[in-house]
*Asks:* 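Structure below; questions to follow.
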2 protein chains.
Amino acid sequence: MPTVTARVLDVLAAFSADRPRLTLSELAARAGLPLSTAHRLVGELTAWGALERGDDGRYHVGLRLWEVAALAPRGLGLRETAMPFLEDLYEVTRQNVQLAVLDGTEVVYVERLAGRSSVHVFTRVGGRLPLHATGVGLVLLAHADPGLRERVLAAPLRRYTAKTVCDPAELRRMLADVRTTGVAISDGQIELISLSVAAPVRGPNGDVVAALSVVVPSDGTNPHSFVPAVRATARGISRALAASEHHFQ
Amino acid sequence: MPTVTARVLDVLAAFSADRPRLTLSELAARAGLPLSTAHRLVGELTAWGALERGDDGRYHVGLRLWEVAALAPRGLGLRETAMPFLEDLYEVTRQNVQLAVLDGTEVVYVERLAGRSSVHVFTRVGGRLPLHATGVGLVLLAHADPGLRERVLAAPLRRYTAKTVCDPAELRRMLADVRTTGVAISDGQIELISLSVAAPVRGPNGDVVAALSVVVPSDGTNPHSFVPAVRATARGISRALAASEHHFQ
DNA sequence: GACCGCGCTTCCGCTGAACGGAAGGATGGA
DNA sequence: TCCATCCTTCCGTTCAGCGGAAGCGCGGTC
């Protein structure tokens, strides 16, 4: 019933962050395919370089696919432009710096930058988190189109900590605030030990295409002291995007 | 004749760094497919999220594919571990820092780190360069298996500048040198204006899995002053890789 | 050393999904 | 209004993909 294309993609999607290396049988099971079918598909994917086979016989995502994916404008493409600015921001703040975009009703982290001395955070490049519990999420939600916003607020909002804001009315107030101030401060909503200061990054046509944040430990630090730097960096990236020939939808 | 899987991958491979956004017809032409076939494939790929359609109607690589590809152990996976160290190295040197792996007979750049003030270099994350003309390439070639090394040295070696070393005998001498000193210095071999200092990154089993380099302007700077920092960083990453549970083939 | 279990690989005949030529929009420029 | 370009849909034919089954290779167990 399913098309070949869909099957190929399902094979790729069988890999996940917690299981990035799979045997053929695991792969077949996860993709819901008979072993012989999986065997053929995986063989073709491996020959092309979309998958690679490790010394242990397990398969993992290959470099060739990574190269192609690096062309995703909202992935490494956006990253490429933003990187020098993130770099500068990291140097000023010496805290985790993150860049994220909106996809569906979630945040996808496109870049995370941290020295060895920074606080450990559990976001991962390529990872997803919900919109209502992160600084970048609040920024993206605040500037998302109203239809999406209502859909997110109408759905049940998962609680991560005692501080997670799960009340639609209160979130609505926070989002309005984000729109007027131009920054979001998410305090302990996803992890009690950290808070983040986020600001919107705009594309050439003025739409918000990404959000950027600094994650700092919540013990005593005054988040407001980070606001100017975060805001300035976000503006810098927006300007660089406008100047670059690439257009982000 | 070609399998569906191959076609799907060819569609993805139609995107390149210089043309990351394509109309349906361009895509069909590049992939060598009839328009109607391309239309169907692209439709399925878009529905899944492997491709996205921009406001202008052009297609580009999608976020979903990027997420999957981020699991490539030699791509973002390796990157993830190395990042904090690269970060630290950048801060000490304030020069371009690069991380690359070997694929086939070329170098693939996995990460490039630079502030706004650094020299502009023409490498790009996800990009490829030949082994004989770059610092990271020399390191990877020096530690590659002898079969590959001979194959590379036997093939014609492209000249990029007057300083590019294209003589197999001289290269062989340089590679031996890299193995004894543990660092490679590539002076103006790819661009006259810059030189790079590179060192090997080893996986848990001692194999060289990547190389790391600092690119500095060639005007008067003494490359040897960078050697200790580069070497220390490479060792640090190697140790971190050994400590992490992920194994890089 | 014979047996078993597990995971991978190969084979092959059937079938329906993929194919692509052709016709039909949609858009925009002359 | 006409033409050019690009995109979308349709539909009959065919052959590539399918997957059950059988075979292989290895490591563990009695």
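A note on names: the letters A, B, ... follow the listed sequences, proteins ahead of strands, and every chain is numbered from 1.
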*Asks:* Sorted by first residue and then second, give each salt bridge (Lys or Arg N to Asp or Glu O under 4.0 Å) pair with at least one member in residues 143-155 of chain A; sequence neighbours left out.
*Replies:*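 Residue pairs with at least one partner in residues 143-155 of chain A: A:Glu150-A:Arg172.
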*Asks:* Please report the distance, rounded to the nearest Å, between CD in A:Glu44 and P in D:dA16.
*Replies:*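 Those two atoms, CD and P, are 12 Å apart.
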*Asks:* Take the protein atom CZ of B:Arg53 and the nucleotide atom P of D:dC6, then report the distance between them rounded to whole Å.
*Replies:*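 Between P of D:dC6 and CZ of B:Arg53: 14 Å.
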*Asks:* Whole angstroms only, please: what is the CG-C1' distance between A:Leu24 and D:dC24?
*Replies:*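 So the two atoms are 15 Å apart, to the nearest Å.
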*Asks:* What pairs of donor and acceptor atoms, side-chain ones from residues 131-143 of chain B against any protein atom, are under 3.5 angstrom apart with sequence neighbours left out?
*Replies:*
{"residue": "B:His132", "atom": "NE2", "partner": "B:Arg158", "partner atom": "O", "Å": "2.7"}
{"residue": "B:Thr134", "atom": "OG1", "partner": "B:Gly137", "partner atom": "N", "Å": "3.0"}
{"residue": "B:His143", "atom": "ND1", "partner": "B:Val139", "partner atom": "O", "Å": "2.9"}

*Asks:* Could you check which residues of residues 26-37 of chain A get a heavy atom under 4.0 Å from DNA chain D? Sort them by number, please.
*Replies:* A:Pro34, A:Ser36, A:Thr37
*Asks:* With respect to the phosphate group of D:dG17, does any side-chain polar atom (N or O) of A:Arg40 fall under 4.0 Å of OP1 or OP2?
*Replies:* no
*Asks:* Report, as yes or no, whether the 6.0 Å neighbourhood of atom CZ on B:Arg235 holds more than 12 heavy atoms from other residues, nucleotides or ligands.
*Replies:*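 It does not: B:Arg235 CZ has 12 such atoms or fewer within range.
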*Asks:* Salt-bridged, A:Arg128 to A:Asp103, with N to O below 4.0 Å?
*Replies:*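 Counted as a salt bridge, because a side-chain N and a carboxylate O are separated by less than 4.0 Å.
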*Asks:* Rounded to the nearest Å, what distance is computed from the OH atom of residue A:Tyr59 to the C1' atom of nucleotide C:dG7?
*Replies:* 11 Å
*Asks:* Assess, by modelled atom type and distance only, whether the side chains of B:Thr123 and B:Gln98 contain a donor and an acceptor separated by less than 3.5 Å.
*Replies:*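 Side-chain D/A pair, B:Thr123 to B:Gln98: present.
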*Asks:* Send over the distance from A:Leu41 CG to D:dG19 C1', rounded to a whole Å.
*Replies:* 12 Å
*Asks:* Side-chain N or O of B:His39 versus OP1/OP2 of D:dT8: is the shortest distance under 4.0 Å?
*Replies:* yes
*Asks:* Provide, to the nearest angstrom, the distance between the CG atom belonging to B:Asp56 and the C1' atom belonging to D:dC7.
*Replies:* 14 Å
*Asks:* Taking the minimum atom-to-atom distance to the side chain of B:Arg7, which one of D:dG19, C:dT9, C:dG20 wins?
*Replies:* C:dG20
